[in-house]
Peer 1: 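Sending over a structure as structure tokens; questions will come in a sec.
Since this is a predicted model, take the numbers as computed values, not measurements. In what follows, every heavy atom counts, from backbone to side chain, and hydrogens, waters and symmetry copies are set aside.
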Amino acid sequence: MDWRRSDDSAERFSAYLQEIAGVMEHAARVEPMRAYCSGLLLECERKSVEPIAAATAPNATSAQHQSLLHFLAKGEWSDAKVRELVLPQIERHGSIEAWIIDDTSFPKCGPHSVGVSHQYCGQLGKQANCQVAVSLSVANHAASLPIAYRLYLPESWASDEKRCKKAGVPDNIEFQTNPKIA
């Protein structure tokens, strides 16, 4: 289904983003947030910042790329606001029946993204360069909603103070296994 053509989807999506924007601390990050969220819904092969920048600002890709990176790095996303908006919509179809703990991997080409290591990548079904995150979701038969999400930091990363500092990993982050994170 093309979300841009379905009945009132575009209006509901815009209203949702407006609600999220209402709790952001810096007005200058609202447009990058809108572009990033819209880009995630576009049909492009990769959902990383560079392709999203190219798709959402074809005449200003470099500037859009920087803007999106800055937005994502500052982490002004409000998980609480997302839960407040989405959970009632899910519960319209039934009460929450399950809590789901899962690890998710994201293939990566280079070694520079935080936590990238040669490890098992479920998306590829083999050992590969990837990031891994542990998530907690709530679900019913109609839908699920991630409510907590933490990047797994391999021991090789956690023990490399220089690399962590360069990547902006907080000093208090220590190595934890996926079950411990969960």
Peer 1: On a heavy-atom basis, which atom in T56 and which in P58 lie closest, and how many Å separate them?
Peer 2: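 For T56 and P58, the tightest heavy-atom pair comes out as C-CD, 3.7 Å.
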Peer 1: Flag the pair C37 / M33 as yes when at least one side-chain heavy-atom distance between them is below 4.5 Å, and no otherwise.
Peer 2: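 C37 vs M33: side chains touch.
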Peer 1: Please check if the number of heavy atoms outside K47 that lie under 6.0 Å from its NZ is greater than 12.
Peer 2: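 Above 12, so yes.
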Peer 1: Please tabulate, for side-chain N and O atoms in residues 116-133, each donor-acceptor pair with protein atoms closer than 3.5 Å (sequence neighbours left out).
Peer 2:
residue	atom	partner	partner atom	Å
Q119	NE2	C130	O	2.9
N129	ND2	G110	O	3.2
Q131	NE2	V114	O	2.7

Peer 1: What pairs with K81 under salt bridge (charged side-chain N to carboxylate O under 4.0 Å, His left out), at least two apart in sequence or on another chain?
Peer 2: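 If we apply the salt bridge (charged side-chain N to carboxylate O under 4.0 Å, His left out) test to K81, skipping adjacent residues, the hits are E19, E84.
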Peer 1: Between F106 and S48, is there a side-chain heavy-atom distance shorter than 4.5 Å?
Peer 2: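 S48 does not reach F106 side chain to side chain.
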Peer 1: Is there side-chain contact between V138 and L87, with at least one heavy-atom pair below 4.5 Å?
Peer 2: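 Yes, side chains in contact.
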Peer 1: Under 4.5 Å between any side-chain heavy atoms of I52 and L42, yes or no?
Peer 2: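 A side-chain contact under 4.5 Å is absent here.
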Peer 1: What are the two closest non-hydrogen atoms of A53 and T61, and how far apart are they?
Peer 2: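 Smallest interatomic distance, heavy atoms only, reads CB-O, 3.8 Å.
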Peer 1: Evaluate the side-chain proximity of L136 to Y149: yes if any heavy-atom separation is below 4.5 Å, no if none is.
Peer 2: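 No. Closest side-chain heavy atoms not under 4.5 Å.
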Peer 1: With distance as the sole criterion, is a donor-acceptor pair present between the side chains of R34 and Q18 under 3.5 Å?
Peer 2: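 Note: R34 and Q18 side chains meet the donor-acceptor criterion.
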Peer 1: Is it the case that one hydrophobic cluster holds both I147 and I90, taking links as side-chain heavy atoms less than 4.5 Å apart, direct or via other members?
Peer 2: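 In one cluster with I147: I90, yes.
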Peer 1: As an exercise, state the distance from OG of S144 to CD of E97, rounded to the nearest 0.5 Å.
Peer 2: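 The CD atom of E97 is 12.0 Å from OG of S144, to the nearest 0.5 Å.
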Peer 1: Taking atom NZ of K180 and atom CZ of R150, what is their separation to the nearest 0.5 Å?
Peer 2: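 Between K180 NZ and R150 CZ, I get 11.0 Å after rounding to 0.5 Å.
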Peer 1: Can you tell me how far CD of E161 sits from CZ of R163, rounded to the nearest 0.5 angstrom?
Peer 2: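 Answer rounded to 0.5 Å: 14.0 Å.
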Peer 1: Once rounded to the nearest 0.5 Å, what's the spacing between atom CD of Q64 and atom CG of N59?
Peer 2: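 If I round to the nearest 0.5 Å, the distance is 11.5 Å.
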Peer 1: What about W157 and V134, same hydrophobic cluster or not, with Ile/Leu/Val/Met/Phe/Trp/Tyr joined at side-chain heavy-atom distances under 4.5 Å?
Peer 2: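 Shared cluster, no.
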Peer 1: Honestly curious: do L151 and L69 fall in one hydrophobic cluster under the side-chain, below-4.5 Å linking rule?
Peer 2: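 No; L69 is not reachable from L151 via cluster members.
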Peer 1: Does L153 reach the side chain of I173, with side-chain heavy atoms less than 4.5 Å apart?
Peer 2: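 Heavy-atom side-chain distance check passes, below 4.5 Å.
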Peer 1: With under 30° as parallel and over 60° as perpendicular, where do the rings of Y36 and F71 fit, or are they tilted in between?
Peer 2: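 Because their plane-to-plane angle lies in the 30° to 60° range, the rings of Y36 and F71 count as tilted.
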Peer 1: Please answer: with hydrophobic residues joined when any side-chain heavy atoms are less than 4.5 Å apart, are L85 and M24 in the same cluster?
Peer 2: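 Both belong to a single hydrophobic cluster.
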Peer 1: Under 4.5 Å between side-chain heavy atoms, hopping through other hydrophobics if needed: is there a path connecting L41 to L68?
Peer 2: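 Both belong to a single hydrophobic cluster.
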Peer 1: Could you give the distance from OG (S135) to CD1 (I101), rounded to the nearest 0.5 Å?
Peer 2: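 So the gap between those two atoms works out to 9.0 Å.
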Peer 1: Search all heavy atoms of H93 against all heavy atoms of Q89 and return the closest pair with its distance.
Peer 2: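 Minimum heavy-atom separation between H93 and Q89: CD2-O, 3.3 Å.
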Peer 1: Which distance, rounded to the nearest 0.5 Å, do you find between the OH of Y152 and the CZ of F175?
Peer 2: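 Here the rounded value is 4.0 Å.
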Peer 1: For N140 and G94, which heavy atoms make the closest approach, and how far apart are they?
Peer 2: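 Smallest interatomic distance, heavy atoms only, reads ND2-O, 2.8 Å.
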